[in-house]
There are 2 protein chains.
Amino acid sequence: MSQMQQVETQLRDMILGLDLGPGERLTERWIEARFGASRTPVRAALLRLETEGLVRRDGRNWIVSPIDLAELEQLSVYRQVIEVAAVRITCALADRSGVDVVEALLLSCDGETSREDWHRAGMDFHIELARLSGNDFLHRGVRDAMTRLARARWLEVRDEGARDRAWAEHHAIVAAVRAGHADEAASLVAGHIQGSRSRLLSSLREERRGLRARGFAVVAA
Amino acid sequence: MSQMQQVETQLRDMILGLDLGPGERLTERWIEARFGASRTPVRAALLRLETEGLVRRDGRNWIVSPIDLAELEQLSVYRQVIEVAAVRITCALADRSGVDVVEALLLSCDGETSREDWHRAGMDFHIELARLSGNDFLHRGVRDAMTRLARARWLEVRDEGARDRAWAEHHAIVAAVRAGHADEAASLVAGHIQGSRSRLLSSLREERRGLRARGFAVVAA
DNA sequence: GCGTCCATCTTGGTATCCCAAAATCGGATA
DNA sequence: TATCCGATTTTGGGATACCAAGATGGACGC
């Protein structure tokens with residue numbers, strides 16, 4: 001694997017894992033030293049992460065993208081649009097056997113599963129579900145949206161109840177898709193995303209002070 | 001304007017204007033010489049154009065992205081999903097005065113207008129229409145999709161009838177959005193995109209031999 | 001004539017160097 | 001002590017040097 005890809009993935013992991021706080025300044029030279037690469041791959045990685053929305057420019061400088069509540073709201077609307085469209089397309093397919101793979105993602109989580117793995121499986125569920133549509137743009141759209149949402153979801157305070165409810169909704173979606181019930185699947189997906197959105201945003205709005213105190217830039221809606 | 005941005009925009013214009021044929025190989029050193037910049041800005045430009053889908057890697061090399069009929073088909077589905085969603089959102093807004101700007105785009109074209117300007121106005125209509133929704137992700141999604149479609153639309157053989165019909169459909173969409181008739185606007189947009197898609201694809205499929213003869217890589221569906 | 005193999009050239013990947021602009025820090029001054 | 005100003009450092013943008021891997025091509029052997 002080339003150094004550029006190494007820098008890119010490691011930096012992405014640090015950002016998504018909140019090792020680098022939202023709003024934190026990044027210097028090319030710090031990254032260079034941190035990962036033992038030269039500036040060329042570092043700059044390439046930053047350019048790619050910029051298009052993913054994980055990093056952005058602040059004047060001449062680089063910063064880790066702040067958490068922007070308005071952006072999260074728009075993102076949820078976008079997700080709702082494309083995920084609903086994706087399941088509708090999937091329901092219209094003759095071969096929907098791919099749902100098994102998606103269901104396996106759900107079944108892989110139980111009481112022993114770490115918080116990290118729940119988090120990842122939650123993202124992958126939506127990404128893989130969209131992939132079943134066979135439309136790369138819907139798939140990539142969901143993937144990009146989930147990437148941008150990842151840090152916020154990590155920050156969200158979730159009770160176990162919410163997690164179990166989300167998992168139940170995921171199962172219901174799988175069942176509807178498997179049965180090919182497009183309208184039902186669409187409304188389940190829409191409702192699920194709507195619910196995630198309101199929980200996420202209200203949680204973040206409550207937590208906002210505490211997060212800023214931790215040095216995390218959280219931009220209001 | 002920085003050199004990187006110059007290289008990026010000029011290279012993009014050459015690709016979209018078909019001065020660089022689909023499938024053509026690009027070497028960093030050729031671009032460097034062509035634009036009088038060094039490899040640093042050249043590489044940055046290539047990385048950004050890669051995320052726009054205008055350029056891609058072929059092994060270790062760079063090539064101008066071929067025209068991929070399967071991709072165009074998926075792209076049209078994606079467009080349909082997000083553009084319909086965008087006009088529905090716009091129709092639900094209290095203030096829809098932004099449609100005037102979009103309508104002005106249509107009115108700026110007449111018999112004297114060059115083919116280039118018609119082409120650009122056709123793209124901008126859809127992009128600006130999506131922007132009215134106020135959702136950045138829908139807006140960017142449409143912008144990216146139109147960028148990827150641009151070369152194919154350029155290649156399409158269009159009679160003046162098709163162009164006028166498209167313009168009439170655009171006007172109808174504007175009227176429906178202004179009146180706030182969401183369902184009507186949605187079905188007009190869906191129909192318009194559907195029609196564009198079938199005309200575009202059938203035209204390209206017919207032209208495919210000729211295009212390949214001109215050295216343009218056209219990948220089948 | 002044809003295929004194979006080795007020298008050579010080209011290419012992208014990486015490291016490093018230079019530069020101009022911006023930020024920073026210290027000291028002089030009011 | 002507060003403030004202003006300039007020297008110094010730091011930063012990103014750009015240019016260039018170097019390298020390894022892959023492509024190319026021509027000579028040699030069959």
Side-chain angles (χ1 to χ4, degrees), chain A residues 1-16 19-66 68 212 215-217 219, chain B residues 1-16 19-66 68 212 215-217 219:
Chain A
M1 184 190 253
S2 71
Q3 294 207 29
M4 186 230 108
Q5 289 173 28
Q6 271 190 44
V7 173
E8 182 186 337
T9 51
Q10 290 187 34
L11 200 51
R12 186 190 295 108
D13 287 346
M14 287 188 75
I15 293 173
L16 293 180
D19 299 319
L20 297 169
E24 189 167 331
R25 178 161 179 207
L26 290 174
T27 71
E28 296 182 354
R29 274 148 166 130
W30 179 85
I31 301 169
E32 179 184 4
R34 176 70 175 70
F35 296 105
S38 75
R39 289 180 67 204
T40 310
V42 167
R43 300 193 67 202
L46 285 170
L47 283 172
R48 311 190 121 243
L49 291 176
E50 185 186 20
T51 71
E52 294 183 34
L54 297 183
V55 136
R56 81 172 54 153
R57 309 199 100 94
D58 177 36
R60 221 173 53 123
N61 303 320
W62 292 101
I63 61 170
V64 178
S65 293
D68 182 333
R212 302 198 94 151
F216 291 172
V219 180
Chain B
M1 186 191 252
S2 71
Q3 292 204 31
M4 185 233 107
Q5 289 174 25
Q6 269 191 41
V7 173
E8 182 186 337
T9 51
Q10 291 187 33
L11 200 52
R12 184 190 295 109
D13 287 346
M14 287 187 75
I15 293 173
L16 292 181
D19 299 317
L20 296 170
E24 189 166 331
R25 177 160 180 209
L26 290 174
T27 71
E28 297 183 353
R29 267 133 173 144
W30 178 84
I31 301 169
E32 182 184 2
R34 176 70 175 72
F35 297 105
S38 75
R39 290 178 65 205
T40 309
V42 167
R43 300 196 75 214
L46 285 170
L47 283 172
R48 310 188 124 247
L49 292 175
E50 185 185 22
T51 71
E52 294 182 37
L54 297 182
V55 136
R56 80 170 56 150
R57 306 198 106 94
D58 177 35
R60 224 172 51 124
N61 302 321
W62 292 102
I63 60 170
V64 179
S65 293
D68 182 334
R212 302 199 95 150
F216 292 171
V219 180

Within the 4.0 Å heavy-atom criterion, would you say [X] contacts the bases, only the backbone, or no part of the nucleic acid?
X	answer
A/Ala37	sugar-phosphate
B/Ser2	sugar-phosphate
A/Leu26	sugar-phosphate

With side chains defined as the heavy atoms from C-beta onward, is the minimum distance between [X] and [Y] less than 4.5 Å?
X	Y	answer
A/Pro66	A/Arg56	yes
A/Arg25	A/Trp30	no
B/Ile15	B/Arg12	no

Quick one: [X] [atom1] to [N] [atom2], roughly how many Å, whole number?
X	N	atom1	atom2	answer
B/Gln3	C/dA20	CD	P	14 Å
A/Glu32	C/dG13	CD	P	18 Å
A/Phe35	C/dT14	CZ	P	15 Å
A/Arg39	D/dT16	CZ	P	16 Å
B/Glu8	D/dG14	CD	P	12 Å
B/Ile31	C/dT10	CD1	C1'	15 Å
B/Met1	D/dG13	CE	C1'	15 Å
A/Glu28	D/dG13	CD	C1'	8 Å

Inset, instruction - Please report the shortest heavy-atom distance between A/Met4 and A/Ala44, naming the atom on each side. - result: CG-CB, 3.4 Å
Selected nucleotide, minimal atom distance to [X] side chain, candidates [options]:
X	options	answer
B/Asn61	D/dG12, C/dT14, C/dG12	C/dG12
A/Trp62	C/dG12, D/dG14, D/dG12	D/dG12
B/Thr27	D/dG13, C/dT14, C/dG12	C/dG12

Look at [X] and [N] and indicate whether a side-chain polar atom (N or O) is within less than 4.0 Å of OP1 or OP2.
X	N	answer
A/Ser38	C/dT14	no
A/Arg25	C/dA23	no
A/Arg60	C/dA21	no
A/Arg29	D/dG13	no
B/Gln5	D/dG13	no

Legend entry - base_contact_polar (C/dG12 base, B/Arg57 side chain, donor-acceptor, <3.5 Å): no
Inset, instruction - Please report the C-alpha distance between B/Gln10 and B/Asp13 in whole Å, then the side-chain angles of each, then the deciding distance to 0.1 Å, and finally whether the side-chain contact (heavy atoms from CB on, under 4.5 Å) criterion is met. - result: CA-CA 5 Å; B/Gln10 291 187 33; B/Asp13 287 346; 5.7 Å; no
